[in-house]
Amino acid sequence: MAKFGDLAGGSVVEPEHARYGNPIMTADATGEEAAGRRPTGIPDKPGLEGLEATWSARWQADGTYAFDRSSPREGVYSIDTPPPTVSGELHIGHVFSYTHTDAVARFHRMRGKAVFYPMGWDDNGLPTERRVQNYYGVRCDPGLPYDPDFEPPADPPKEPVAISRPNFVELCLQLTIQDEKVFEQLWRTLGLSVDWAHTYATVGDVAQRASQRSFLRMLDRGHVYQRTAPTLWDIDFRTAVSQAELEDRERPGAYHRIAFPRADGPGPAVEIETTRPELLAACVALVAHPDDERYRPLFDTFVRTPLYGARVPVLAHELADPEKGSGIAMVCTFGDTTDVVWWRELHLPTRTLIGRDGRLLPVAWGTEGWESSDPVEAATHYDEVVGKTVRQAQTRVVEQLAESGAMIGEPLPITHPVKFYEKGERPLEIVSSRQWFVRTLPLRDKLLQRGEELNWFPPYMAHRFRTWVEGLNDDWNISRQRFFGVPFPVWYPVGPDGDADFAAPIPASEDQLPLDPSTEVPPGFTAEQRGVPGGFVGDPDVMDTWATSSLTPQIAGRWEDDPDLFARVFPMDLRPQAHDIIRTWLFSTVVRSEIEEGSLPWRNAAISGWVLDPNRKKMSKSKGNVVTPLPLLEQHGADAVRYWAANGRPGTDTAVDEGQMKVGRRLAIKVLNASRFALGRLADDAGQIDVPGPEAITAPLDKAMVAGLAGVVAEATTAFKGYDYARAIERTEAFFWSFCDDYLELVKTRAYGDPAQPGPASARAALALALSVQLRLFAPFLPFVTEEVWSWWRSGSVHRAAWPGQSELNEPATGADPAVLEVTAEVLGAVRRAKTTAKQSMRAPVAVLTVTDTRQRIDALQEATEDLKDAGGVAELVTVIGPESTIDVALAAPD
RNA sequence: GGGCGUUUAGCUCAGUUGGUUAGAGCGCAGCCUUCACACGGCUGAGGUCGGAGGUUCGAGUCCUCUAGCGCCCACCA
């Protein structure tokens, strides 16, 4: 199998030296071909069926898309391919955006670049965990020892089997390999020009080593730190969640107005409004705005919480909004992130009420931190809600408040945004926990600058990055309390009391990587010392999935495992991705590259839109409107599906449209048939194709066509350079249809003439040139059908042929008058219209065709008189120079 | 609350720095079958470019205001 270097003898010929973009793979070129002759392999009845299987196998065997790693960096075009989540559904959205990237990759490859186009698999994190749990019927219990003989149950049992973390990870790896094969097959069918020798994954040794190495370096340089602090917490997944994984959802709630009696003097009770009365026991203060005249006299006095009798201060803080509720808020530890700010900035005590499972924790009223004016009554009230979920607790607390008279009026229903983990089902709580953080806040200005330096396609996507960075309010929490993922490569000493000292982590050394601290032992310790006083304990957490996938340039480029390769591909040229993960994947990759390399990870970011269902609704599993790509590929063919995708402009959401796929299929078939037709003009009686060189293009009509084609090439090239593949295919396609409708019709008779004569020679040379150029223009979009046609008359792969350049078109287009083709096509159109109106066949003969027009246009028409008469079946053409522009078609009398 | 995008034919969308009668495909209607293509070809009907105002010789295109839709961000009491 071809890997690197096999093609070294066949680097892409520069357009300047290409005649019709001669292919580069000359290994099978014959002497005959060198002389411009080649036996044709044109089938009688060409079709699209089977092209995917034939050509994807051939490309693999020939190493058509192999990366030439001998190329210096300036000769490389490198792509930071998004790794699809293999545990997820195969999704038409994948096909959409990967087609865009593939078209761009093919363009740069044809432009002579060594294209580094790897494929990655994202098999890290929670989605994989969940899939493994359901697929095998297991659950991870990190306390269990590894069982080397464990086999998953044949059928997933109702009650999940508890297995050790290493066993669980083994199953994750096993299942992801299966999933990866399904994806690879899809990509091959779609015709992605990926170099399959360069795959990577976000789990496995390479990724883990890169991720852990980067972590150790960040630790060494002070870019990461641990903090025990209030953290956004998903009570179902039982893990911390970072700011980037949050989303707001509108949820119904209610304002409850609650009266707090004064604790240290006379005066009316202070009324607050809260949506979370169940947190009353965790109340540590009331807060109002410092300028709020209503509450100013109360500052630094005390009130008592209803039900529990806790004495809490009334304090001033600017975040308190006089407009909201009663203008004074209850601070609980913790109801929302504002509470955390108040708690931190006003140095309030902590009353932890919510456990990691989202239930109310037991409280010893009357003890330190839980002081009460009446501990017995407090306990009586609290005993009714302890152990309940927040929802259940809220119901009971509201009843208690009403019974006690502290509730003022009825709850006022509202709808308000509540923070959720984007994959979660219940609102996030805030619990105190120990987490690892990357210091991103100090990098903010630098990151904003990097965002400016990056070329965004479309440009307005830069706003999303900037808004996100400007809105950062905390460092990046990279630890997750899960099992499958990259473990933190650190241990902690265990003190004589048996408690781990998290403040003194023992880092692994880089040469130990990758490692799992739950099974491996830190330097200077023995396995027997794990978990015992005076010994050590491994960090129990794993890294956030983005903490690893933010290193895809390093992982795919093999970073320090292969510094030579890394130097040739980094910083990469392109990051293609969807807009929904700008704040996660794009942002975190920029952060890591800034920390590791002090540079942007890539120069360009091409942001694709989403695929919507045929009714323009966002696809989601829960709605059941997810469209899977394989049936569409089978029904319409890969080129047709790619055609639909390529017409989705960068950054624009696009609906699944089978109509567009049918159009794409028709286009692919047209390419087959038109090519067959044109090549039929080029083959001699022996089936040999003998094409005159472009210097034979002398007829004004042919020159006009070539000039038009040159314009299309220029436009498509410019568009591709700006990542506007959609414009490139649109212009190419428009030209191709008029080429078929008008030009082919006009020259088909002349091209059959004596090849030794200038007219036929010109037509034949122009046909060959136009066909070659158009096949190459279509190649990034329709890789299968263009390769099929290319194989009929050229050697090598069209995908390794040179992108058409001005040089091969400028000369034959010299002195061209575009009007010759324009006017002639217009007149031909009028002839067709006349025949249609008369309900005649297109072959119906025309007795006299009279064209009246300006001298200039008549002169242009005169240059193609014979072609026009042949194409229109015109017996006599009369031209009149006059002020008006008329075309009169006199059909011959029917027999 | 702040910001971004979008609004052009029944549908999906082009329209590049303002420049003649606003384009394409689908759909629709009609016509044409053996000589590349019925998995086809040709032809046609169809739009006062969301609304209002302004700049200009000239506005789908630039400016202001405004409405609908979609999205991003935000300290959610």
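From a predicted model like this one, the values you see are computed outputs, not experimental measurements. Residue numbers start from 1 in every chain, and the chains themselves are labelled A, B, ... in the order their sequence lines are given, proteins ahead of strands.
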Establish, from distance only, whether the side-chain atoms of [X] and [Y] form a donor-acceptor pair under 3.5 Å.
X: His416(A); Y: Glu250(A); result: no
X: Thr350(A); Y: Trp343(A); result: yes
X: Tyr643(A); Y: Glu733(A); result: yes

So [X], base contact, sugar-phosphate only, or nothing? Heavy-atom distance under 4.0 Å.
X: Val418(A); answer: base
X: Arg649(A); answer: sugar-phosphate
X: Trp737(A); answer: sugar-phosphate
X: Asn473(A); answer: sugar-phosphate
X: Glu247(A); answer: nothing
X: Gln660(A); answer: sugar-phosphate
X: Arg583(A); answer: sugar-phosphate
X: Lys45(A); answer: sugar-phosphate
X: Arg666(A); answer: sugar-phosphate
X: Arg257(A); answer: nothing
X: Thr836(A); answer: base

Test side chain to side chain donor-acceptor pair (under 3.5 Å) applied to Thr718(A) and Glu715(A), step by step: CA-CA 5 Å; Thr718(A) 303; Glu715(A) 274 196 274; over 6 Å; no
Before giving the answer on ring pair (Phe, Tyr, Trp, His ring centres under 6.0 Å), spell out for Trp610(A) and Phe96(A) the whole-Å C-alpha distance, their side-chain angles and the decisive distance to 0.1 Å. CA-CA 8 Å; Trp610(A) 275 342; Phe96(A) 181 69; over 10 Å; no
Between [M] and [N], how far apart are the [atom1] atoms? Round to whole Å, please.
N: G10(B); M: G47(B); atom1: C1'; value: 11 Å
N: G70(B); M: G25(B); atom1: C1'; value: 24 Å
N: U17(B); M: C63(B); atom1: P; value: 12 Å
N: C73(B); M: U66(B); atom1: P; value: 25 Å
N: C69(B); M: A29(B); atom1: C1'; value: 33 Å
N: A77(B); M: G5(B); atom1: P; value: 31 Å
N: G60(B); M: A52(B); atom1: P; value: 13 Å

Considering every strand shown, what is the Watson-Crick or G-U wobble mate of G50(B) when both distances are under 3.5 Å?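 For G50(B), the partner nucleotide comes out as U66(B), under the 3.5 Å rule.
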For G10(B), the Watson-Crick or wobble counterpart (both distances under 3.5 Å): C26(B)
What are the residues of residues 316-335 of chain A, sorted by number, that bring a heavy atom to within less than 4.0 Å of RNA chain B? Leu319(A), Ala320(A), Asp321(A), Lys324(A), Ala329(A)
So, do Trp233(A) and Tyr421(A) have ring centers that fall under 6.0 Å from each other? no
Rounding to 0.5 Å, atoms CD (Glu429(A)) and CG (Asp234(A)) come to a distance of 10.0 Å
Keeping Arg444(A) on the side-chain end and Val469(A) on the backbone end, is there a donor-acceptor pair under 3.5 Å? yes
5' precedence on RNA chain B between Asp724(A) and Gly829(A) (nearest-nucleotide basis): Asp724(A)
With nearest nucleotides of RNA chain B determined for Asp336(A) and Tyr752(A) from heavy-atom distances, which residue corresponds to the more 5′ nucleotide?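 Whichever sits nearer the 5' end wins; that is Tyr752(A).
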Of Tyr460(A), Tyr723(A), Trp456(A), Phe457(A), which meets side chain to side chain contact (heavy atoms under 4.5 Å, CB included) against Ile607(A)?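 Answer after filtering Tyr460(A), Tyr723(A), Trp456(A), Phe457(A): Trp456(A).
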Terminal contacting nucleotides, 5' and 3', RNA chain B versus chain A (heavy atom, 4.0 Å): C4(B) to A77(B)
Aromatic plane relationship, Phe781(A) with Phe720(A) - under 30° parallel, 30 to 60° tilted, over 60° perpendicular: parallel
